[in-house]
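A short write-up of the structure that comes next.
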Amino acid sequence: MKRSAIRSALIPGVAVLALTLAACGGDDTAPEGGNVDQSVSGSVSVDGSSTVFPMSDAAAEFLLEENPNIQTAVGESGTGGGFEKFCVGETDISDASRPIEEDEIAVCEENGVEYVELQVATDALTMVVNPDLDVDCLTVEQITALWGPDSTASNWQDIDPSFPDQEISLFGPGTDSGTYDYMANDVIGAESENTRSDYEASEDDNVLVQGVANTQGATGYFGYTYFEENSDSLKALGIDSGNGCVQPSAETAQAGEYTPLARPLFIYVNTNKYADNPAVASYVDYYIANLAQIAEVAQFIPLSEDLYAETQSELE
């Protein structure tokens, strides 16, 4: 499913979910509808992670249904690109698929940008292959052999002699992406903080999807959302971190079984803009109040009760 199709489906999906919850008596995070302050107007700017984009875009469109006077622009320049704008005060909120780094914190401090970090969902970083490729599972060591900064593997048999005699084609996020950083730092653990560079790179996950789906022997990685949307044209690889092959899913990520590829997703909110701009405050409050529903509609893994309580506490 293309991202434009996701956008068009978001509000009907949320509306159905809201009606279902209301029929069941609702819960503390049910859409609040009439509780949105209709007198608030203004604009909100969000940029950053392409992985978190569907959630922040869903929140924007959902809120627009409740208050058309709040206009939210949501971009997707990658986690690093988002922080570049956020830390100089160009945006109100930054989507991130990794925590903010020390050099980015320094830029924020230099520019007087104070912020709060809010976890909004859990993701299962998903490695995919062309569905015709006879490979179903990789160990963490094989991921490093495939994507490590020193890798020269060009055929699947270079990774494992039992794999097909098939040329490898690689597709992955660009270096501004938090997904790239997570693969380099948390999965491969590269001292150079890089993966190999001889691959087709894009900040648009849909480009990566199409590349893998249409190329024999291809593989790539991105957030679980994009695999779910395209599961008819891709095959997800199981990951063996020492306890057997585990498939990416909401259940395995929440249970801590899908290691080391399960990861937290965040939004960073400029606290001064939250305090001074009622539109920013309305957007963030609405986002967090309806977090579970937004995560489900955007096909992310909702937070556990404990993690959601932490996010609420940070916002307060």
Side-chain angles (χ1 to χ4, degrees), residues 3-4 6-7 41-61 63-64 70-121 123 172-185 193-194 201-208 222-223 225-226 263-288 294 298 300 311 314-315:
R3 193 164 296 158
S4 58
I6 300 172
R7 284 197 187 99
S41 62
S43 60
V44 184
S45 58
V46 185
D47 204 335
S49 169
S50 62
T51 302
V52 184
F53 171 88
M55 280 198 68
S56 293
D57 200 40
E61 297 214 22
L63 178 58
L64 189 65
I70 299 176
Q71 301 293 321
T72 307
V74 185
E76 47 180 329
S77 60
T79 297
F83 279 134
E84 286 178 8
K85 299 175 183 179
F86 180 75
C87 287
V88 296
E90 291 181 8
T91 57
D92 305 317
I93 297 158
S94 204
D95 293 339
S97 56
R98 59 158 171 80
I100 191 169
E101 296 179 345
E102 290 298 326
D103 58 334
E104 295 161 339
I105 292 172
V107 175
C108 279
E109 290 176 348
E110 289 171 9
N111 290 283
V113 174
E114 299 180 359
Y115 57 82
V116 61
E117 175 193 273
L118 304 175
Q119 185 175 347
V120 294
D123 187 28
T175 55
D176 270 344
S177 168
T179 303
Y180 174 95
D181 293 335
Y182 191 85
M183 174 62 78
N185 298 328
E193 298 185 347
N194 294 310
S202 177
E203 301 295 350
D204 186 341
D205 292 316
N206 286 310
V207 172
L208 306 181
F222 34 73
T225 296
Y226 294 94
R263 58 177 178 160
L265 301 176
F266 307 98
I267 62 171
Y268 284 75
V269 180
N270 183 314
T271 54
N272 289 328
K273 294 187 177 183
Y274 178 91
D276 297 337
N277 185 340
V280 172
S282 291
Y283 173 77
V284 174
D285 290 348
Y286 196 86
Y287 199 150
I288 301 307
I294 290 168
F300 280 91
T311 293
E314 289 294 328
L315 179 59

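Residues: numbered from 1 along the sequence shown.
Atom OG1 of residue Thr79 and atom CG of residue Asp95 lie 8.0 Å apart, to the nearest 0.5 angstrom. To the nearest 0.5 angstrom, Gln119 atom CD is 10.5 Å from Ile288 atom CD1. Atom CZ in Phe266 sits 12.5 Å away from atom OG in Ser94 (nearest 0.5 Å). Between Ile70 atom CD1 and Ser43 atom OG the span is 10.5 Å, to the nearest 0.5 Å. For the atom pair CG (Asn206) and OH (Tyr226), the distance works out to 6.5 Å, reported to the nearest 0.5 Å. Atom CZ of Phe53 sits about 9.5 Å away from atom CG of Asp204, to the nearest 0.5 Å.
Here the closest non-hydrogen pair linking Glu76 and Ser50 is OE1-CB, 3.7 Å. Closest approach of Ala298 to Thr225, counting heavy atoms only: O-CG2, 3.6 Å. Across every non-hydrogen atom of Ala279 and Asn277, the tightest pair is N-OD1, 2.9 Å. When all heavy atoms are compared, the tightest approach of Cys87 to Ile100 is SG-CD1, 4.2 Å. The minimum heavy-atom distance between Gly89 and Val113, with the atom names listed, is N-CG2, 3.9 Å.
A salt bridge is absent between Glu114 and Lys273: the closest approach of a Lys/Arg side-chain nitrogen to an acidic carboxylate oxygen does not fall below 4.0 angstrom.
With hydrogens and angles ignored, the 3.5 Å screen pairs no side-chain donor or acceptor of Ser202 with any backbone N or O of Leu208. Using a distance-only test at 3.5 Å, with no hydrogens or angles considered, a donor-acceptor pair links the side chain of Ser282 to the main chain of Pro278. Proximity of a side-chain donor or acceptor of Asn270 to a complementary backbone N or O of Asp92 within less than 3.5 Å is not detected.
With hydrogens and angles left out, the side-chain atoms of Asp285 and Tyr274 include a donor and acceptor closer than 3.5 Å. Between the side chains of Thr91 and Asp47, no donor-acceptor pair is found at a separation under 3.5 Å.
Within the 4.5 Å cutoff, side-chain heavy atoms of Tyr115 are placed close to those of Ile105. The shortest side-chain heavy-atom distance between Glu203 and Ser77 does not fall under the 4.5 Å cut-off. At least one side-chain heavy atom of Val88 sits less than 4.5 Å from a side-chain heavy atom of Val107. The side-chain heavy atoms of Asn194 and Tyr180, taken from C-beta on, include a pair separated by under 4.5 Å. Side-chain contact check for Tyr268 versus Val116: every heavy-atom pair is 4.5 Å or farther apart. Using a 4.5 Å heavy-atom cutoff, the side chains of Ile267 and Val269 are in contact. Contact of the Glu101 side chain with the Phe83 side chain is not registered, since no non-hydrogen atoms from C-beta on lie closer than 4.5 Å.
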Please assess Arg263 against Ser97 for the test side chain to side chain contact (heavy atoms under 4.5 Å, CB included), listing each intermediate value before the final yes or no. CA-CA 8 Å; Arg263 58 177 178 160; Ser97 56; 3.3 Å; yes

Working note: Thr72 + Leu64, criterion side chain to side chain contact (heavy atoms under 4.5 Å, CB included); need CA distance, chi angles, decisive distance, verdict. CA-CA 8 Å; Thr72 307; Leu64 189 65; over 6 Å; no

Would you check, one step at a time, whether the test side chain to side chain contact (heavy atoms under 4.5 Å, CB included) holds for Thr51 with Phe222? CA-CA 8 Å; Thr51 302; Phe222 34 73; over 6 Å; no

Please lay out, stage by stage, how Ile93 and Val44 fare under the test side chain to side chain contact (heavy atoms under 4.5 Å, CB included). CA-CA 8 Å; Ile93 297 158; Val44 184; 4.0 Å; yes

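The salt bridge (Lys or Arg N to Asp or Glu O under 4.0 Å) test with Arg98 is passed by exactly one of Asp176, Asp123, Asp181: Asp181.
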